[in-house]
Amino acid sequence: MGEMGAADVDGPMQALSGDGEEKILVSVRLRPLNEKEIARNDVSDWESINGDTVIYRNNLSVSERSMYPTAYTFDRVFGPDCSTKQVYGEGAKEVALSVVSGINSSVFAYGQTSSGKTYTMGGITEYSIADIYDYVEKHKEREFTLKFSAMEIYNESVRDLLSTDTTPLRLLDDPERGTVVERLTEESIRDWNHFKELLSVCEAQRQIGETSLNEASSRSHQILRVTVESSTQEFLGHYKSSTLAATVNFVDLAGSERASQSLSAGMRLKEGCHINRSLLTLGTVIRKLSKGKNGHIPFRDSKLTRILQSSLGGNARTAIICTMSPARSHVEQSRNTLLFASCAKEVTTNAQVNVVVSDKTLVKQLQRELARLENELKNTRPDAVTSDSTAVLREKDLQIEKLMNEVAELTQRLELAQSQIENLLKASEGSGSSTVWADPDHHYPKLRVRNSFRSDNSVSYSLISEDPPSLDLGARSFDASQCSDEQSSRSSEASFIHLPVFEENFLSESFSTLHSISTTNSVGNDLHEKKDADGQTNQNFDDNWKEVQCIEVEESSVSQYSNSNTSESRPYGFEESNMPSPDIKTDTLGLTKVGNEERANQEVKSPPLKEQKGLNDLQSAFIIPSPEKFSPWLLEAGLSESRSFLVRSRSCRATFMNNSPGFCFKKVEAYESTPLFGFEKDFPGRPEGFQRKRPALKHDPDIERLSGNVSRNSICSSAVNELKEESVGTSPDWRIASVGSSDMGLIYVAEYLVSFFFIVICYNIQDSCYGMLD
Ligand SMILES: Nc1ncnc2c1ncn2[C@@H]1O[C@H](COP(=O)(O)OP(=O)(O)OP(=O)(O)O)[C@@H](O)[C@H]1O
């Protein structure tokens with residue numbers, strides 16, 4: 001028999017025959033009573049019947065019968081009279097000789113100490129090797145290589161039994177071969193005698209100690225391994241030049257007895273702990289494997305199970321021979337052994353033929369596979385490929401055409417929208433001012449807000465006091481809750497802030513073509529202290545007026561309001577209040593002062609008058625304050641003859657410079673913590689029953705947002721923007737009632753103007769408060 005070098009089998013291993021699943025072959029061997037047992041008059045309670053059943057002959061009590069079965073059936077049960085050769089022949093041979101066919105196999109001996117494990121496994125190992133040699137001799141056409149290795153697991157350390165070096169060996173995980181014992185000596189068996197010598201070496205190396213039950217008790221788990229490598233030239237025709245490689249393990253386990261039973265102590269007790277640890281894990285693995293392989297199997301919990309993993313439910317055929325003493329004194333351990341055997345017989349393994357393909361053979365196999373694939377590719381019909389490509393291209397063309405149609409449709413929509421925008425812009429330009437832009441996305445105009453107090457073309461609308469009958473309308477006290485969250489809770493009478501009121505002469509100064517509407521944005525510090533001063537005072541006043549924000553809006557947009565009945569177009573719902581009609585005030589406002597009464601009388605018939613009337617309506621809608629906005633300081637200051645309204649002027653700045661003395665504060669009471677708004681609840685001079693409806697346009701939240709410590713301009717601008725957004729979702733009644741639907745963009749402009757004026761006035765008062773607090 002020629003030998004193969006290691007390089008010959010150093011290649012990938014392939015497994016053949018996937019249908020190798022089978023259960024572990026489990027046999028039970030009963031030994032006869034030994035001398036010690038006989039000496040102490042122990043009796044044999046176990047008996048083998050029918051070759052596969054072992055029964056407990058002693059009469060059991062009722063309770064014991066319910067706990068323990070009296071008969072156990074296995075693949076084979078060998079009685080005390082059975083020879084080891086018979087045990088091997090019927091319980092291990094078939095499994096052990098699988099190794100010559102490239103199938104891994106293992107034969108276990110399991111049982112308590114002195115039950116005959118070593119006695120049984122020694123014979124099985126020798127019979128197996130003898131049969132293997134016999135097989136080799138009968139198959140001269142194949143080349144076989146037998147290698148022998150031996151190890152023991154003693155106190156959870158792996159030791160090489162063929163080496164005098166007692167250094168524990170490490171276990172390595174190999175992806176193909178599983179757990180591998182590092183540097184384990186492997187001897188090629190030259191002949192039978194050589195094999196016998198190796199067995200002698202192992203026996204001499206194994207840890208043996210004396211226990212109370214066995215004078216030569218094996219204190220370790222011994223694993224004798226024979227690896228059979230064989231060529232496949234005549235065995236598997238199409239795998240010529242490949243090699244079959246398999247191992248057979250002969251495992252003589254240490255005693256499974258309890259330490260107390262073996263009367264172990266000292267070193268023996270320690271050995272027993274380690275032995276039982278491995279055996280406990282082995283029992284757990286077998287028990288779990290008997291219930292299936294789905295869950296976690298703790299192979300790695302002990303070195304014994306780790307090394308034998310492939311033999312326990314893996315790629316191996318396995319035979320377990322459970323040895324037991326028939327003595328009554330060992331009945332408990334015998335039951336344990338039978339229980340282990342009962343679990344083991346439920347475990348299945350999946351043995352496969354292991355073929356080692358050499359690199360050279362592997363290259364040839366891959367070359368053949370490549371050639372086959374190339375032929376298949378060449379033989380593929382080209383027209384089939386072409387037809388497939390044409391279909392794909394046709395589908396893509398359809399998709400492109402569909403997308404083109406969608407693009408054309410969207411383009412048309414875009415052009416239509418652009419034309420609408422242009423029309424709206426033209427309408428705006430035609431009305432004189434182009435400061436209102438249509439927003440096709442939001443359907444409302446954008447307001448251009450600028451800080452242009454000096455704008456000569458602007459017409460300023462300022463909150464003034466003019467008309468005695470409108471005393472209670474001429475000024476407003478604002479509620480801080482509308483503008484300031486943080487200050488709203490401080491409302492008190494002392495916190496009323498007096499709004500600046502303009503004298504009538506302030507009105508006469510200013511008016512021109514309506515171009516823009518502006519309102520004072522800030523009130524100078526100490527304004528009320530300078531009201532009686534001279535020119536110097538005027539200068540100071542002028543300095544204190546830092547900025548005026550102007551909102552430019554086209555006249556035509558404002559004039560739209562004149563188309564409606566002014567009494568119906570009041571945005572704040574004064575109908576339910578006791579307030580005088582704001583329309584009257586509005587008519588008086590502006591028209592009287594600017595000498596344009598005729599325009600007011602003509603109303604909607606003439607566009608300019610219509611425009612002016614609309615502006616007046618707008619003013620009334622905005623300027624007429626809610627009763628809760630009245631400032632009590634006006635009442636106290638004797639300014640009851642004045643009324644507030646918006647006055648148009650070319651320049652707010654000029655107006656204030658020329659007429660600032662009339663712009664007076666009679667009384668201002670402000671505390672450091674005084675809220676800018678929020679005094680309406682405590683306003684003592686509020687007319688009874690004067691409750692303003694909350695406007696459809698929700699100014700209060702907007703004003704609240706304006707109360708932060710941010711720059712005024714940004715506040716105002718953001719407020720306008722917010723109002724613009726909010727107005728989209730708002731449906732003010734006044735807007736619907738007062739205008740037609742022909743030019744909704746202008747309606748929105750007016751709507752924003754109203755909102756904006758409201759905010760600006762609030763902000764003026766805020767500035768006044770700041771100035772007073774400073
Ligand atoms: N079937 C048998 N027929 C006759 N003698 C046997 C048989 N089985 C075991 N013996 C004897 O019983 C004694 C103990 O056997 P053995 O050493 O094999 O037990 P063991 O299970 O290996 O014990 P330990 O676990 O302690 O190593 C030995 O002297 C052995 O010759």
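All ligand and atom numbering here is 1-based and tracks the order in the structure.
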Sub-4.0 Å atoms of ligand 1 with respect to non-hydrogen atoms of Pro32: 1 (N), 2 (C), 3 (N)

Between Arg31 and ligand 1, does any nitrogen or oxygen pair lie at a separation below 3.5 Å? no

Could you tell me if Arg306 and Thr281 have a donor-acceptor pair between their side chains, going purely by distance under 3.5 Å? no

Yes or no on ring pair (Phe, Tyr, Trp, His ring centres under 6.0 Å) for Tyr110 and Phe340, after CA distance, side-chain angles and deciding distance? CA-CA 9 Å; Tyr110 180 93; Phe340 176 86; 3.7 Å; yes

Find all atoms of ligand 1 within a distance of less than 4.0 Å from any non-hydrogen atom belonging to Arg29, and give their numbers and elements. 1 (N)

Under 4.0 Å to a heavy atom of Thr118 - the qualifying atoms of ligand 1, by number: 18 (O), 22 (O), 27 (O)

N or O contact, Gly116 vs ligand 1, cut-off under 3.5 Å: yes

Would you say the ring centroid of Phe148 lies under 6.0 angstrom from that of Phe195? yes

Heavy atoms only, cut-off 4.0 Å: how does Pro80 contact ligand 1, side chain, backbone, both, or neither? neither

Relative to ligand 1, is Gln112 under 4.0 angstrom through side chain, backbone, both or neither, heavy atoms considered? backbone

Look only at interatomic distance and state if Asp252 has a nitrogen or oxygen under 3.5 Å from any nitrogen or oxygen of ligand 1. no

Apply the side chain to side chain contact (heavy atoms under 4.5 Å, CB included) test between Arg159 and each candidate in Glu152, Arg206, Met151; give the one that qualifies. Glu152

Once you round to the nearest 0.5 Å, how far does CD1 of Ile320 lie from CD1 of Ile24? 4.5 Å

Output yes when the distance from some N or O of ligand 1 to some N or O of Thr323 is under 3.5 Å, and no in every other case. no

Numbering as shown, the atoms of ligand 1 that approach Gly255 to under 4.0 Å (heavy-atom distance): 25 (O)

Determine whether Ile132 and Leu146 make a side-chain contact, defined as any pair of heavy atoms from C-beta on separated by less than 4.5 Å. yes

Are any of the side-chain heavy atoms of Val54 and Leu338 separated by less than 4.5 Å? yes

